[in-house]
Amino acid sequence: MSDLIANLNAPQLQAVTLPPVHALILAGAGSGKTRVLTTRIAWLMSTGQVGPHGVLAVTFTNKAAKEMTARLSSLVPINTRGMWIGTFHGLCNRLLRAHYREAGLPQTFQILDTADQLAMVKRLLKNLNVDDEKYPPRELVHFINAHKEQGVRAAQAEAYDNYTQKRVELYAEYENQCNREGVVDFAELLLRCYELLQRNEPLRRHYQERFRYILVDEFQDTNKLQYAWLQLLAGGGAKVFAVGDDDQSIYAFRGAEVGNMRDFERDYAGDNIIRLEQNYRSHGNILAAANALIKNNRERLGKNLWTDAGEGEPIRAFEGYSDLDEARFIVEEIRELVRDGVSPTQVALLYRSNAQSRVLENELFTKGVPYKVYGGLRFFERQEIKHALAYLRLLGNPDDDTAFLRVVNFPTRGIGARSLENLQATAHQMNSSLYNAAASLTGKAGQTVGGFIRLIEQLRQETENLPLPEMVEHIIEKSGLAQHYRTEKEGQDRLENLDELINAAATFIDDEGAIGEGGALVSFLTLASLEAGEHQAGEGQEAVQLMSVHAAKGLEFDVVFITGLEQGLFPHENSVSQGRDGLEEERRLMYVAVTRARKRLYVTCAQTRMLHGQTRYCVPSSFLEEIPEQLLRRLNKKAESASAVPAYGQFGGGYAEPPAAHGLRVGMNVEHAKFGVGVIVATEGRGADARVQVNFGRAGMKWLALEYAKLTPV
DNA sequence: TGGGAGTGCTTTTTT
DNA sequence: AGCACTCCCA
């Protein structure tokens with residue numbers, strides 16, 4: 001036991017060994033957050049304060065949950081299998097499966113992922129003859145989810161105008177449709193679980209008494225409903241240990257409420273607030289830059305990271321002429337680093353938006369540097385996988401219209417739009433699922449659709465007694481999917497993925513020893529929805545890591561490049577237009593990016609960049625100015641770059657248009673009588689129409705018509 | 001039915 | 001530019 005806490009620093013030790021109280025742990029980047037969380041659990045158990053049974057630990061991602069479980073079993077000799085460690089959604093699912101009747105769900109209820117949900121909303125709009133231009137499906141999905149995340153059902157939703165009135169009605173229709181089909185979306189898992197506990201007192205009491213200690217990871221990312229859910233579970237005297245970092249809150253755009261941290265402080269933690277401020281990850285200069293940046297945010301709980309690792313290297317800053325120039329510089333540096341013995345896996349290229357990876361990938365590819373991009377399509381989201389799963393879903397629950405429509409005519413079996421319209425109308429009349437309504441169809445539609453129904457019935461019989469992997473294999477073959485992809489030109493990859501699905505089923509059976517409530521199939525399908533597949537294969541390869549800043553949260557690397565540091569890109573213009581809060585979230589994002597680096601940090605930008613098919617002229621990010629100059633080493637002189645704008649076409653892609661005849665060029669410094677000295681960032685038009693965009697620093701960014709504005713080069 | 005042309009959008013993302 | 005989605009024709 002003393003081993004357990006031997007190497008903790010003072011605040012870590014304090015947090016881990018806290019008596020049974022509510023506590024808020026403000027854990028800075030790289031301060032040993034996960035370690036404290038897991039050691040706390042281990043400590044509570046090994047001192048006999050609680051058994052594995054009485055602990056509830058909540059995370060946001062499956063990855064974090066798995067890591068916690070793994071670390072825990074290395075700390076204490078217990079079987080973690082039965083413990084309630086998981087994601088909010090995973091734990092809610094578990095509760096709902098165990099009490100599906102009380103929750104008003106069918107035993108085999110399935111989970112809609114984002115794509116399924118969108119498909120259902122689109123279908124709904126069509127069936128109800130609603131103009132999808134006036135009510136865009138995506139916006140409606142957002143409307144529905146946002147309400148659920150606030151704990152608001154359609155019946156309680158406020159309809160403050162006619163438009164919203166209609167949206168609320170559609171929300172209600174959507175709820176009905178989900179209930180009819182016996183499916184739940186992600187937000188529903190949480191809301192349904194919350195309502196279950198709220199309404200069912202014996203059940204609530206049971207869990208309130210069971211869980212004595214509740215631990216929450218990444219608390220700054222919780223939304224309102226999640227907070228309410230925690231409050232409910234903690235209502236019986238359980239002690240909540242919340243770990244989070246308000247400075248790393250970067251998910252407000254999807255409903256996270258940093259305010260929950262303050263609320264938690266007010267409602268629970270009181271004076272049990274512990275700050276973990278010693279950073280074990282980054283060298284001093286990197287931390288100093290991070291601290292200097294985040295200091296500019298107003299709403300903070302307050303925290304200052306420090307390290308005893310020494311200053312380390314300066315932060316390297318580079319400004320390229322173009323995005324291509326920037327990419328070339330980066331790849332050159334990487335090659336040098338690798339030559340000096342740095343492992344490519346320890347080098348990360350970060351960007352604000354995924355579209356930026358293209359130029360970088362191109363250059364890496366050209367120079368033969370292996371790389372891996374994170375954040376593409378995930379395994380269970382691939383179309384062939386979703387098709388196979390849809391067949392499986394239909395076996396489990398014929399009322400699943402989303403699954404039905406996905407495969408009723410895939411591979412094609414002559415069931416056209418007319419037949420389906422027919423079917424949907426019939427189903428609507430009968431208030432039943434498409435599958436059920438199929439029997440009532442007459443004519444040609446009745447025949448073709450009937451054929452599909454018979455196929456499903458046949459598959460059901462044939463696979464009834466098969467173990468899961470063989471069942472999956474059988475379905476893939478007999479549904480015609482395999483044959484379809486065998487004849488398709490580009491089908492090879494898809495066939496391999498389908499094989500991989502069979503493997504996944506086999507692994508699943510081995511790992512889980514099969515079955516949860518409702519059998520192996522249902523739990524496998526649940527896994528497919530809840531764990532869309534941990535990124536892609538080939539994770540451990542010797543490759544440079546490319547990812548968005550969001551995706552980098554929680555990771556660390558020896559060398560980090562933060563790329564595309566330009567005004568409008570990072571901070572992103574859409575966020576900046578959302579006012580102060582938007583800019584502050586961008587700054588937190590920058591803070592996250594900076595604190596990923598252990599030893600060396602590069603910050604790079606470009607003067608021109610291809611965006612949406614057009615060349616944009618860029619101004620360096622305001623975040624660059626927020627890093628104290630003495631921490632920086634500029635790898636190209638700033639003054640030089642201003643006057644050294646290359647001639648047209650000199651640098652690969654060149655510019656979209658040659659410099660205009662008025663002699664003013666991007667990068668030139670000019671003086672204006674009123675605004676003072678500024679730098680030209682864009683030019684447009686010619687002759688009398690010519691305009692230039694100038695960044696005057698304090699006086700801001702201005703578009704000036706050359707015909708009127710007097711600009712003198714300086 | 002399926003493909004080719006035309007249209008529109010484009011921040012970040014987990015469950 | 002690149003991609004997803006729709007529409008229309010063979």
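Atom set for the values below is all heavy atoms of this structure, side chains included, hydrogens, waters and symmetry mates excluded.
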Colleague: Atom CZ of A:Phe380 to atom C1' of B:dT14: distance rounded to whole Å?
Modeller: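 From A:Phe380 CZ to B:dT14 C1': 16 Å.
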Colleague: Please pick, from B:dT11, B:dT12, B:dT14, the nucleotide with the shortest atom-to-atom distance to any side-chain atom of A:Thr61.
Modeller: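 Among the listed nucleotides, the one closest to the side chain of A:Thr61 is B:dT14.
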Colleague: Which one, B:dT11, B:dT15, B:dT1, comes nearest to the side chain of A:Ser353?
Modeller: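 The answer is B:dT11.
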Colleague: Quickly, which of A:His89, A:Lys66, A:Lys63 forms a side chain to side chain donor-acceptor pair (under 3.5 Å) with A:Glu531? Name it, please.
Modeller: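 When A:His89, A:Lys66, A:Lys63 are each tested with A:Glu531, the side chain to side chain donor-acceptor pair (under 3.5 Å) holds only for A:Lys66.
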Colleague: Does A:Asp132 have any side chain to side chain donor-acceptor pair (under 3.5 Å) partners at least two apart in sequence or in another chain, and if so, which?
Modeller: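 Testing A:Asp132 for side chain to side chain donor-acceptor pair (under 3.5 Å), a comparison that skips the adjacent residues, returns none.
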Colleague: Looking at A:Asn62, I'd like to know whether one of its side-chain N or O atoms comes within less than 4.0 Å of OP1 or OP2 on B:dT15.
Modeller: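 A:Asn62 to B:dT15 OP1/OP2: side-chain N or O found under 4.0 Å.
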Colleague: What is the nucleic acid contact for A:Leu350, judged by heavy atoms within less than 4.0 Å: base, sugar-phosphate only, or nothing?
Modeller: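 Contact class for A:Leu350: none.
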Colleague: Contact boundaries of DNA chain C with chain A (under 4.0 Å, heavy atoms), 5' to 3'?
Modeller: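 Span of nucleotides near chain A: C:dA1 to C:dC3.
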Colleague: At 4.0 Å (heavy atoms only), tell me whether A:Phe88 reaches a base, stays on the sugar-phosphate, or touches nothing.
Modeller: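 Nothing: the residue A:Phe88, judged by heavy atoms under 4.0 Å, touches no strand.
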Colleague: Could you tell me how far apart A:Ile562 (CD1) and B:dT11 (P) are, to the nearest whole angstrom?
Modeller: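 So the CD1-P distance, A:Ile562 to B:dT11, works out to 21 Å.
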Colleague: Would you mind reading off the distance between A:Asp116 atom CG and B:dT14 atom C1', rounded to a whole angstrom?
Modeller: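 After rounding, the gap between these two atoms is 15 Å.
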Colleague: Cut-off 3.5 Å, side chains only: do A:Asn223 and A:Glu257 have a donor facing an acceptor?
Modeller: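 Distance-only check fails for A:Asn223 and A:Glu257.
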Colleague: Strictly under 4.0 angstrom, non-hydrogen atoms only: write out the protein contact profile of nucleotides 2-10 of chain B, one letter per nucleotide from the 5' end, B, S or -.
Modeller: S-------B
Colleague: Write down the distance between CD (A:Glu584) and P (B:dT12), rounded to a whole number of angstrom.
Modeller: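 To the nearest whole Å, that distance equals 22 Å.
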Colleague: Under 4.0 Å, heavy atoms only, any strand: does A:Asn354 hit a base, just the sugar-phosphate, or nothing?
Modeller: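 It contacts sugar-phosphate atoms only.
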Colleague: Please work out if A:Asn93 contacts a base, only the sugar-phosphate, or nothing of the nucleic acid, heavy-atom cut-off 4.0 Å.
Modeller: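 Touches nothing.
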Colleague: Could you check how far CD of A:Gln226 sits from P of B:dT15, rounded to whole Å?
Modeller: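 Result: 12 Å.
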Colleague: On the nucleotide B:dT13, are OP1 or OP2 found under 4.0 Å from the side-chain N or O atoms that A:Ser548 carries?
Modeller: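 So the side chain of A:Ser548 is within the cut-off, an N or O lying under 4.0 Å from OP1 or OP2 of B:dT13.
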Colleague: Remember a base hit wins even if backbone is also touched, and classify A:Gln578 as base, sugar-phosphate or nothing at under 4.0 Å, heavy atoms.
Modeller: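 The answer is base, as A:Gln578 lies within the cut-off (heavy atoms under 4.0 Å) of a base atom.
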Colleague: Which whole number of Å gives the distance between the P atom of C:dA4 and that of B:dT13?
Modeller: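 Pairwise P distance, C:dA4 against B:dT13, rounds to 16 Å.
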Colleague: Could you state the atom-to-atom distance from CZ of A:Phe60 to C1' of B:dT15 in whole Å?
Modeller: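 For the pair A:Phe60 CZ and B:dT15 C1', the rounded distance is 10 Å.
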Colleague: Report which part of the nucleic acid A:Ser529 touches: base, sugar-phosphate, or nothing (heavy-atom distance under 4.0 Å, all strands).
Modeller: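 The residue A:Ser529 makes no contact with any strand.
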Colleague: Ring of A:Tyr591, cation from A:Arg588 - is the NZ or CZ under 6.0 Å from the centre and inside 45° of the axis?
Modeller: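 A:Arg588 over A:Tyr591 ring: no.
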Colleague: Return the CE to CZ distance between A:Met547 and A:Phe557, rounded to the nearest 0.5 Å.
Modeller: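 It is 3.5 Å, given to the nearest 0.5 Å.
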Colleague: According to the 5.5 Å centroid and 30° plane-angle thresholds, does A:Tyr251 stack upon the nucleobase of B:dT14?
Modeller: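 The ring of A:Tyr251 is not stacked on B:dT14.
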Colleague: Would you mind reading off the distance between A:Arg94 atom CZ and B:dT15 atom C1', rounded to a whole angstrom?
Modeller: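 That distance rounds to 17 Å.
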Colleague: Using a 5.5 Å cut-off between ring centres and planes within 30 degrees, is A:His572 stacked on the base of B:dT11?
Modeller: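 Yes; by the centre-distance and plane-angle rule, A:His572 counts as stacking on B:dT11.
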